[in-house]
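Values below: every heavy atom of this structure, side chains too, minus hydrogens, waters and symmetry copies. This one's a predicted model, so the numbers in the text were calculated from it and none came from an experiment.
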Amino acid sequence: MSDNQQMPGGEALVKSLEHEGVDVVFGYPGGAILPVYDPIIDSSIRHVLVRHEQGAGHMAEGYAHATGRPGVAMVTSGPGATNVVTPLADAFLDSVPMVCITGQVPYAAIGTDAFQECDTTGITMAVTKHNFLVTEAQDIPRIIHEAFHIATTGRPGPVLVDIPKDIVDPTNPRSAMTWYTATDADMELPGYHPVTEGDPELIRQAAEMIRDAERPVLYVGGGVLKARAADALRELAEMVQIPVVTTLMARGAFPDSHELNLGMPGMHGNYSAVTAMQKSDLLISLGARFDDRVTGKLDGFAPEAKIIHVDIDPAELGKVRRANVGIQGDCRLVIEGLNHAIRELGGTAVQADRSAWRSTVSGWQEKFPLTYEQSAPGDKLKPQFVIEQLRDGNPSDTIVASGVGQHQMYASQWWEFDHPYTWINSGGLGTMGFSIPAAIGAKAGMPERRVWAVDGDGCFQMTAQELVTASVENIPIKVALLNNSYLGMVRQWQEMFYEERYSEVYLQERVPDYIKWAEAMGCAAIRVESPEEVGPAIEKANEIDDRPVVVEFVTDARENVFPMVPSGATNSEVVVDPSQQHLLEDES
Amino acid sequence: MSADRFHTIVTTVENKPGVLARVAGLFSRRGFNIESLAVAPTDDDRFSRITFTVDVESAPLEQVVKQLNKLINVVEIRELPPEDSVSRELMLVTVSADAGHRKELMEIIEEWRAFVLADNSKQIMLSFSARTARLDEFEECLRPFGIAELQRTGRVALPALD
Ligand SMILES: Cc1ncc(C[n+]2csc(CCOP(=O)(O)OP(=O)(O)O)c2C)c(N)n1
Ligand SMILES: [Mg+2]
């Protein structure tokens with residue numbers, strides 16, 4: 001597209017998206033955004049027509065998680081915009097790069113309570129990294145470039161661009177603009193300068209602390225994935241032989257099969273991951289944010305640990321736990337800097353003796369592995385068993401997108417994540433209904449990869465309609481629906497903390513009929529009720545590639561997620577599986 | 001209230017619609033209490049200055065500053081501790097000034113060097129500018145006369161000269 005060509009703003013918007021390298025937009029049209037939908041017909045960009053705008057937002061997130069490129073959602077004004085608020089909040093808490101284009105009523109009508117008007121920038125201010133209300137067609141290429149720049153640099157996050165109809169509507173003179181290809185030089189962002197390089201002096205101090213630590217733990221968060229730092233992390237961990245925990249947002253950042261990996265920390269973390277952090281003398285936090293689900297009761301968290309905290313967002317340093325050394329910077333650059341500094345100090349040879357620590361930790365690993373009891377004949381399926389079978393029946397580069405609830409924890413615990421960007425979930429906001437649209441977004445971005453959604457029956461009922469999108473758009477994802485007929489995670493809390501008084505958590509056994517529902521949406525559907533059917537059903541599902549597949553696993557509602565740190569307790573009070581509880585008495 | 005609980009933060013922000021809402025929204029959702037707030041354009045019309053006083057006992061100042069810095073439209077933040085800055089606040093006040101107390105009131109005005117902006121023989125409107133604590137004291141001196149209306153601007157500040 002040559003510069004200086006006259007065109008309406010709508011066309012300029014689509015050209016700007018093309019210029020940013022966008023290949024897929026997840027969207028839903030309506031009055032205010034109509035003028036942008038016309039040039040979409042002639043664009044190289046694939047538009048995926050969703051069935052609810054929330055789906056568009058989560059698809060954009062799933063796309064971004066899987067590909068590392070910003071996801072794009074486009075919706076109309078008013079209800080279209082309010083329907084994407086949840087995915088924006090989700091992307092904000094999980095630092096997912098995403099650009100959302102919303103239609104708006106004509107500029108002159110803003111503030112008049114016009115049809116389908118809402119204060120979109122006002123409503124989304126608290127759930128976006130930044131948002132824009134574009135007032136002139138001429139600004140469109142620049143602002144779209146700024147939006148992608150903000151979404152993808154520094155701490156990534158969602159950016160919303162609100163576009164009044166008149167500046168994109170070719171019948172309105174206000175839409176006239178002269179095209180230019182926006183570059184960084186056009187950006188007008190005097191207050192935005194993310195720092196990516198860590199301070200070398202602080203990195204050197206951190207390297208010394210690592211060298212001298214006797215009970216260190218690498219506490220790895222989602223920032224490591226965002227910074228594409230998995231290789232650098234592995235080099236670090238192997239050089240200094242320090243155990244690694246990967247948070248719910250970082251599963252896959254370090255291979256689960258690696259002997260140094262202790263698994264997930266936190267409320268439903270592995271005993272050894274939780275306890276190693278708790279007993280540590282040095283936590284090396286890389287792109288993690290000391291979330292309450294990881295720390296448990298804060299004033300009892302890792303009481304003897306010094307803290308090295310690396311984060312690209314300086315506001316995270318010292319927000320929850322004071323760092324002895326806080327390093328602002330991109331995780332990849334800082335970890336590479338650390339590797340260099342550690343080598344300068346003498347590398348492996350000068351590290352403190354950690355053999356006692358290593359053997360203590362492996363003692364915990366042997367004593368308190370994740371465990372569950374296999375189902376008795378005639379009982380319903382164990383959800384953990386289903387996840388194990390899924391894990392064993394799929395290649396290790398399979399992408400798993402999960403919903404929120406017990407099934408999410410089982411998936412995180414029992415799948416083996418050996419590659420980065422194979423685990424997609426809603427960690428910060430905990431948005432039920434995330435998995436199906438996120439899986440669709442991931443598959444749209446990575447069509448050659450196998451994508452499984454692991455969903456709960458509660459979650460499924462929130463966003464299942466996007467399986468229509470998947471069928472019609474030929475995005476053949478697979479859904480493992482763990483149907484325990486309950487809002488299982490809430491049921492677990494009521495069982496453990498509300499004296500088994502179950503309030504509004506039962507979802508019905510046979511209504512809806514998931515098989516009929518899935519088939520009505522154009523999916524293949526399989527119901528599995530006994531353990532010996534599980535493997536073959538997964539195999540069968542994997543053979544179907546011309547449409548989405550839903551496999552309903554009828555699972556045991558009585559099963560609870562362990563280990564568990566009860567809400568409000570310290571991580572020293574972790575409750576393990578009932579079969580291991582007696583072993584805890586030997587631990588002090 | 002002890003003076004050093006309150007720190008003045010001077011932010012230079014882009015002069016764009018909605019920026020004040022972003023700053024105010026940030027304060028409320030992060031639970032930071034603003035004691036006073038003053039907003040005005042600067043000598044460069046691309047930027048405005050928002051000066052506010054925060055109670056550092058309500059929120060760690062470091063978090064306030066870091067969170068503000070994350071707002072894309074915030075260009076610069078300066079924290080002005082009381083000992084290294086000069087701050088002023090302006091008060092407009094209308095006081096009853098009936099004949100019986102007029103003489104006494106005029107003496108106070110003289111002593112405090114307030115300006116008389118209007119006088120209709122029943123009431124006097126004054127302007128008074130000083131450090132915030134002085135405004136509090138002046139207000140107390142006027143109170144016995146009967147304050148009809150009072151408006152303060154919130155403090156503004158600049159770094160002290162070397
Ligand atoms: C949108 C939303 N509403 C409510 C919740 C609270 N919540 C967390 S887990 C859960 C139950 C999820 O049920 P289901 O999808 O069946 O998963 P299960 O726990 O049974 O595996 C609920 C209601 C939430 N996280 N998100
Ligand atoms: Mg359930």
Region of A:Asp119 that comes under 4.5 Å of a non-hydrogen atom in chain B = neither

ask   = Side chain of B:Lys70, backbone of A:Asp313: donor and acceptor closer than 3.5 Å?
value = no

ask   = So with a 6.0 Å cut-off around CG of B:Asp45, is the heavy-atom count from everything else above 12?
value = no

key: chain B interface, residue from A:Gly122, A:Pro194, A:Pro314 that has the most non-hydrogen pairs under 4.5 Å   = A:Pro314

ask   = What distance do A:Lys319 atom NZ and B:Arg30 atom CZ have between them, rounded to the nearest 0.5 Å?
value = 6.0 Å

key: Distance, nearest 0.5 Å, that separates CG of B:Leu71 from NZ of A:Lys129   = 12.0 Å

Residues 10-29 of chain B: residues contacting chain A (heavy atom under 4.5 Å, by number) = B:Glu14, B:Lys16, B:Gly18, B:Ala21, B:Arg22, B:Arg29

remark   = Nearest heavy-atom approach of B:Asn73 to A:His130 is OD1-CE1, 3.3 Å

Residue A:Tyr180 excluded, over 12 heavy atoms near OH under 6.0 Å = yes

ask   = What do you reckon, is CZ of A:Arg142 surrounded by more than 12 foreign heavy atoms closer than 6.0 Å?
value = yes

ask   = Can you tell me if CE on B:Met125 sees more than 12 non-hydrogen neighbours from other groups inside 6.0 Å?
value = no

message = Going by the rule salt bridge (charged side-chain N to carboxylate O under 4.0 Å, His left out), which residues pair with A:Arg69 if we only count those two or more places apart in sequence or in a different chain?
response = A:Asp23

request  = Might you confirm whether atom CD of B:Glu111 has over 12 heavy atoms from other residues, nucleotides or ligands at distances under 6.0 Å?
outcome  = yes

inquiry  = Counting only heavy atoms from other residues, nucleotides and ligands, does the tally under 6.0 Å from NE2 of A:His19 exceed 12?
reply    = yes

request  = Taking atom CD of B:Glu140 as the centre, report whether more than 12 heavy atoms of other residues, nucleotides or ligands fall under 6.0 Å from it.
outcome  = yes

Contact listing (chain B partner; residues 150-166 of chain A; heavy atom under 4.5 Å) = A:Ile150, A:Arg155

message = Below 4.5 Å, heavy-atom pairs only: which of A:Met125, A:Glu188, A:Glu316 has the largest tally toward chain B?
response = A:Met125

request  = Check side-chain contact (heavy atoms from CB on, under 4.5 Å) between B:Met106 and all other residues, then give those that pass, not counting sequence neighbours.
outcome  = B:Arg102, B:Ile109, B:Ile124

key: CD/B:Gln151: more than 12 non-hydrogen atoms of other groups inside 6.0 Å   = no

